[in-house]
Amino acid sequence: MASSTGFVASLFLLTLCVGFIENIHYEPTWQSLESRPLPKWFDEAKFGIFIHWGVYSVPSFTGAWFWNQLMNGDPKVVKFMHQNYRDDFTYGDFASQFRAEFFNADEWVDLFQASGAKYIVFTTKHHDGFTMWPSNVSWNWNSGDVGPARDIVGELTTALRNKTDLKLGLYHSLFEWFNPLWLQDQANNFTTNNFVTRKTMPELYHIVNTYLPDMIHSDGDWEATDTYWQSKEFFAWMYNDSPVKENVIINDAWGINCTCRHGGFFNCQDKFNPHKLQPFKWECQTSIDPISWGFRRNMKISELMTTDQIISNMVEVISCGGNYLLNIGPEPDGIIPAVFKERLLDLGTWLGVNGEAIYTTQPWVYQNDSITPNVWYTSRDGPTGQIVYAIVLDWPEGATLTLGSPDPEVGTAVSMIGYEGDFTWSRNGMDGMNIDIPAIPVNKMPCDWGWVFKITGLIN
């Protein structure tokens with residue numbers, strides 16, 4: 001059973017509940033930068049969609065790391081290239097085949113909104129260096145000069161803001177595997193930083209000033225420190241002088257010394273899920289296809305996360321104070337695979353019923369139940385006291401749901417979100433409660449996964 005301590009809960013609430021404080025100048029030191037309150041929209045949002053799309057979507061074989069695997073002699077990738085392309089065909093030749101001919105930003109945004117997500121994180125540039133906007137420091141290796149001949153980031157940004165109130169996150173890789181400037185700095189043991197000053201930082205300043213993102217989601221920081229990347233200086237500009245200074249949030253991938261230690265919120269590692277409350281705001285980034293971030297033509301339905309698994313994963317993360325960022329990989333022509341659409345629409349249906357137990361909630365004193373497995377808790381302040389949500393991932397086998405963590409009293413009331421009427425209950429010895437489950441017809445069940453019991457009037 002995961003239980004919060006008073007110290008941890010206090011830190012968590014202090015981080016999340018304070019508003020943005022105006023007229024504070026932040027110095028380029030971690031002590032100063034980390035005194036900035038986290039804008040509350042991020043914690044309230046809870047659920048976002050990650051989109052990996054780029055030149056690697058054309059071979060669509062192993063995902064976003066295809067070029068790196070090819071250059072490092074991965075046998076399966078080398079064999080794939082040998083069997084399907086001429087001998088002198090390079091990764092760069094895929095760019096002209098990345099045409100995005102069916103990409104429709106409005107259709108994407110409609111799907112994202114229907115999924116129940118409150119923000120998106122779009123991959124503006126992965127480690128191959130191809131930018132999804134017409135970057136003036138990425139000549140002939142961007143979506144304006146080759147391939148789509150379009151500003152993909154711009155189209156998506158416009159559609160998002162014209163049609164929804166979803167927040168915009170922009171993923172950007174700090175480094176590029178085979179950029180000569182990067183390789184030179186790497187060879188110099190990062191005593192030079194020509195790649196940062198001539199490539200990374202010009203791009204970051206450009207996308208912030210042009211697209212006004214609510215989040216910069218950095219990656220590719222693991223070989224050099226924040227000093228090489230000039231991360232603190234960039235943070236200070238973002239917080240003090242940028243056009244998004246009041247609302248923007250930044251993650252922790254800004255140097256080999258930063259992960260899970262310094263930044264705005266923490267990703268820590270891919271698919272980070274500690275299963276207990278943390279003393280900081282964090283996000284779990286994961287993928288419907290656990291094998292790849294980018295689209296794979298050879299993916300099998302049995303390899304993908306089911307709707308039930310996704311909801312269970314999301315509930316665990318949110319119960320422990322995290323946000324849930326779920327990745328999809330569109331096809332090279334801009335079509336989002338039907339199976340990904342289905343999963344996102346399933347989430348939208350579930351959140352349409354149970355969003356009260358997810359959005360704007362806070363961790364409860366207990367994160368999961370002390371007796372019954374696969375029951376996770378969230379909470380919020382209600383008009384007459386605290387509301388506790390017990391999210392039951394496995395429907396009870398009998399006529400009773402036994403919960404060990406809630407401490408009820410005479411005025412405690414129990415209902416199920418989406419179902420009319422209250423449930424009767426009795427105390428379970430000294431602690432906990434037994435909730436009586438009536439025979440509910442299938443057509444009266446509010447959802448197919450993750451049933452939420454709403455409990456008010458508890459002692460704890």
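Any value given below was found using the heavy atoms of this structure, including those in side chains, with hydrogens, waters and symmetry copies removed.
We find the CG-OG distance between Leu345 and Ser115 to be 8.0 Å, quoted to the nearest 0.5 Å. One distance of note links CG of Asp308 with CG of Asp448; it measures 10.0 Å at 0.5 Å rounding.
Using the six-membered ring where Trp is involved, Phe50 and His217 have ring planes that are tilted, between 30° and 60° apart. The aromatic rings of Phe66 and Phe94 sit perpendicular to each other, their planes meeting at more than 60°, with 30° as the lower class boundary. Taking the six-membered ring where the residue is Trp, His126 and Trp65 present perpendicular rings, their angle passing 60° and hence far from 30°. Using cut-offs of 30° and 60° on the angle between ring planes, the pair Phe61 and Phe80 is parallel.
Here Lys167 pairs with nothing under the salt bridge (charged side-chain N to carboxylate O under 4.0 Å, His left out) rule; sequence neighbours left out. For Glu155, the salt bridge (charged side-chain N to carboxylate O under 4.0 Å, His left out) partners at least two apart in sequence or on another chain are Arg150. With sequence neighbours excluded, no residue satisfies salt bridge (charged side-chain N to carboxylate O under 4.0 Å, His left out) with Asp151. For Arg427, the salt bridge (charged side-chain N to carboxylate O under 4.0 Å, His left out) partners two or more places apart in sequence, or in a different chain, are Asp407. Applying the side-chain hydrogen bond (donor to acceptor under 3.5 Å, both in side chains) rule to Asp226 yields the partners Trp30, Lys232, Asn257; only residues at least two apart in sequence or on another chain are considered.
The existence of a salt bridge linking Asp252 and Arg261 is excluded, since no basic side-chain nitrogen approaches an acidic carboxylate oxygen closer than 4.0 Å. Look at Lys46 and Asp43 and you find a salt bridge, because one of the NZ, NE, NH1 or NH2 atoms lies within 4.0 Å of a carboxylate O, short of that distance.
Looking at every heavy atom in both residues, Lys341 comes nearest to Ile336 through CE-O, 3.2 Å. Residues Pro330 and Ser57 share a closest heavy-atom pair of O-OG, 3.9 Å. Closest approach of Ile51 and Ile49 over heavy atoms only: CD1-O, 3.8 Å. Residue Ile152 comes nearest to Ala100 through the heavy atom pair CD1-CB, 4.5 Å, listed as atom of the first residue, atom of the second, then distance. Between Asp221 and Gly255, the shortest heavy-atom distance links the atoms OD2-O, 2.9 Å. The two residues Asn323 and Phe42 have their closest heavy-atom pair at ND2-O, 2.8 Å.
Within a 6.0 Å radius of NZ in Lys163, more than 12 heavy atoms belonging to other residues, nucleotides or ligands are found. Atom CD of Glu101 has more than 12 neighbouring heavy atoms from other residues, nucleotides or ligands inside a 6.0 Å radius. Heavy atoms of other residues, nucleotides or ligands lying less than 6.0 angstrom from CD of Glu409 number more than 12.
For the pair Tyr377/Asn368, no side-chain contact is recorded, criterion being any heavy-atom separation below 4.5 Å from C-beta on. A heavy-atom distance below 4.5 Å is not found between the side chains of Phe130 and Tyr56. The shortest distance between side-chain heavy atoms of Trp254 and Trp229 does not fall below 4.5 Å.
With a 6.0 Å cutoff to the six-membered ring centre and a 45° limit on the axis angle, Lys118 counts as a cation-pi contact of Tyr359.
Pairs passing the side chain to side chain donor-acceptor pair (under 3.5 Å) check and including a residue from residues 380-392, sequence neighbours excluded, read Glu356-Tyr389, Thr360-Arg380, Trp364-Gln386, Arg380-Tyr389.
A side-chain donor-acceptor contact under 3.5 Å links Thr372 to the backbone of Thr402. Lys281 places a side-chain N or O within donor-acceptor distance of the main-chain N or O of Gly321, the cut-off being under 3.5 Å.
Close placement of the Phe272 and Trp282 rings is indicated, their centers lying within 6.0 Å of each other. In this structure, Trp395 has its ring center closer than 6.0 angstrom to the ring center of Trp451. Separation of the Phe234 and Tyr205 ring centroids falls under the 6.0 Å cut-off. Ring centroids of Trp53 and Trp293 are separated by 6.0 Å or more, keeping the two rings apart. Proximity of the aromatic rings of Tyr171 and His52 is defined here by a centroid distance below 6.0 angstrom, and this criterion is met.
Side-chain polar atoms of Gln367 and Ser319 form no donor-acceptor pair below 3.5 angstrom. In summary, the side chains of His262 and Glu34 do present a donor paired with an acceptor at a separation below 3.5 Å, with no hydrogens or angles considered. Using modelled atom types and a 3.5 Å distance limit, the side chains of Asp436 and Thr424 yield a donor-acceptor pair. Looking at Ser173 and Asp219, their side chains never bring a donor and an acceptor atom within 3.5 Å of each other. Side-chain contact of Gln285 with Asp270: a donor-acceptor pair under 3.5 Å is present, judged by distance alone.
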